[in-house]
Amino acid sequence: MELCMDIGQLEAFVVLSECLSVTRAAEQLYCTQPAVSIRIKKLEETLNTPLFERLNNRLHLTSQGVVYREYALQILNLLKQSREHMRQFDNPDSGTVNVGASHFCGVWLLPRIMADFKKTFPGVNIRLDISTTEKLSRKLAAHETDFIIISDYIDIDTKKYRLVNFLSDSFVLICPPDHWLAARQECSIREIQDETFLIKPAFSATRSFLLENLRRAGVEPERLRLVEIGSLEGIKQGVVYGLGISVVSRLAVEQEIRSGQIREIKLKEPLFLRGISYAHHRDKLLSPAAQNFLARLPALKS
């Protein structure tokens, strides 16, 4: 049976799935409530399945509706990106690049790349979405972002996505200027087992990375005096005020090192090195603006 749905039906379905109110959906779509209901009914007839149900006089997505919403989002986002792509052929210095990034990449890495990019392509808008890896993965799957930039120790399906490493990010030991370690040029991680160690809480990908490498270096994390702080900025300030020491990305502490607020000590163990990568759909046609943005990334290799 040939499917006879239109974009208007998909748009009505997505909007209604978000607000779960025909009245509000009609307001957002600038149409009447009966028009919204008709579009949903025709879409359900085409799919031969109910997408919404009423429970206790409230609208809810059915299980089929939850699944179909992901497909509808992908279709609408791909259509939007295809139009954007066509416009950029006429004017490469236009359009929008949608970038998703983990917190570390979005805060300490991307601003300098974006500034460099805007000097060459001032007419291109950049939308940066800093979020958790789980949310970034969902948005990438739904084509809400052109690509995401993440640490390479984060699992991603390389059969579905192209994963390209473009930067090596070294971790360094940091301490206050008056700490006994400050006089050292380098040290082994095993020498600091009795120190108070500042680290992110459980379920942090960076925490998992650090603890795994501590074990590889012969240090038992269970024996360390750990102080958990929920943000990298908080960890840096904790070191500045003498709360403890930590191992963090050098990219995130360059300014504090230059200003003398903290000292860096090189670690003898070569384990504390991670890659930074970008990922996008293997079958995705990147717009000229997105390609120009990604072309800036390899230049950052050290």
Side-chain angles (χ1 to χ4, degrees), residues 101-116 118-119 128 130-133 149-154 166-214 217 219 221 223-276 297 299-302:
S102 62
H103 186 265
F104 166 77
C105 296
V107 173
W108 283 284
L109 177 63
L110 282 178
R112 70 184 72 182
I113 300 173
M114 293 164 63
D116 175 67
K118 289 291 285 185
K119 291 176 183 177
L128 175 59
I130 300 175
S131 191
T132 63
T133 304
I149 297 180
I150 53 176
S151 302
D152 66 357
Y153 55 70
I154 294 173
F166 66 90
L167 180 68
S168 292
D169 177 27
S170 61
F171 277 63
V172 295
L173 177 66
I174 59 172
C175 67
D178 58 353
H179 195 278
W180 67 267
L181 279 168
R184 302 281 295 274
Q185 295 296 318
E186 67 175 10
C187 76
S188 169
I189 197 72
R190 287 184 292 275
E191 296 179 60
I192 61 170
Q193 292 189 88
D194 295 329
E195 297 292 321
T196 299
F197 194 82
L198 311 186
I199 194 168
K200 284 191 173 182
F203 307 113
S204 162
T206 301
R207 176 194 174 100
S208 299
F209 169 79
L210 289 175
L211 294 185
E212 179 183 350
N213 284 307
L214 284 171
V219 175
R223 297 179 59 184
L224 294 174
R225 290 186 292 173
L226 300 180
V227 173
E228 297 184 350
I229 299 180
S231 72
L232 180 52
E233 192 62 37
I235 289 174
K236 290 195 297 181
Q237 291 302 311
V239 173
V240 168
Y241 289 104
L243 178 61
I245 64 175
S246 190
V247 174
V248 300
S249 164
R250 195 183 189 285
L251 289 172
V253 290
E254 286 180 336
Q255 293 183 4
E256 289 81 3
I257 292 172
R258 284 197 297 266
S259 68
Q261 290 180 285
I262 60 176
R263 296 287 176 85
E264 68 165 319
I265 298 93
K266 183 179 179 182
L267 292 168
K268 293 180 180 179
E269 290 81 5
L271 298 171
F272 296 91
L273 187 71
R274 68 177 174 184
I276 304 297
L297 302 183
L300 292 176
K301 281 188 176 180
S302 55

Any donor-acceptor N/O pair, [X] side chain to [Y] backbone, under 3.5 Å:
| X | Y | result |
| --- | --- | --- |
| R190 | A217 | yes |
| E269 | S188 | no |
| R225 | D194 | yes |
| R207 | K200 | yes |

Inset, instruction - Step through the shown structure and confirm whether more than 12 heavy atoms of other residues, nucleotides or ligands are within 6.0 Å of NE2 on H103. - result: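 No, because the 6.0 Å sphere around NE2 of H103 holds 12 heavy atoms or fewer from other groups.
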Legend entry - Pair listing, salt bridge (Lys or Arg N to Asp or Glu O under 4.0 Å) test, anchored in residues 230-250, at least two apart: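 Listed by first then second residue: E233-K236, K236-E256, R250-E254, R250-E264.
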Legend entry - Smallest separation among heavy atoms of R274 and T206, with atom names: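 The pair with the smallest heavy-atom distance is NH1-OG1, 3.8 Å.
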Inset, instruction - State, to 0.1 Å, how close A252 and F104 come at their nearest heavy-atom pair, and which atoms those are. - result: CB-CE1, 4.1 Å
Are any of the side-chain heavy atoms of [X] and [Y] separated by less than 4.5 Å?
| X | Y | result |
| --- | --- | --- |
| I276 | I150 | no |
| V247 | F272 | yes |
| W108 | V253 | no |

Inset, instruction - Show your working on side-chain contact (heavy atoms from CB on, under 4.5 Å) between L211 and I199 and close with a plain yes or no. - result: CA-CA 9 Å; L211 294 185; I199 194 168; 3.7 Å; yes
Legend entry - With I245, the side-chain contact (heavy atoms from CB on, under 4.5 Å) member among L181, I262, I174: L181
Inset, instruction - Evaluate the side-chain hydrogen bond (donor to acceptor under 3.5 Å, both in side chains) criterion for residues E195 and W180: first the C-alpha distance (whole Å), next the side-chain angles of each, then the deciding distance (0.1 Å), finally the verdict. - result: CA-CA 11 Å; E195 297 292 321; W180 67 267; 2.9 Å; yes
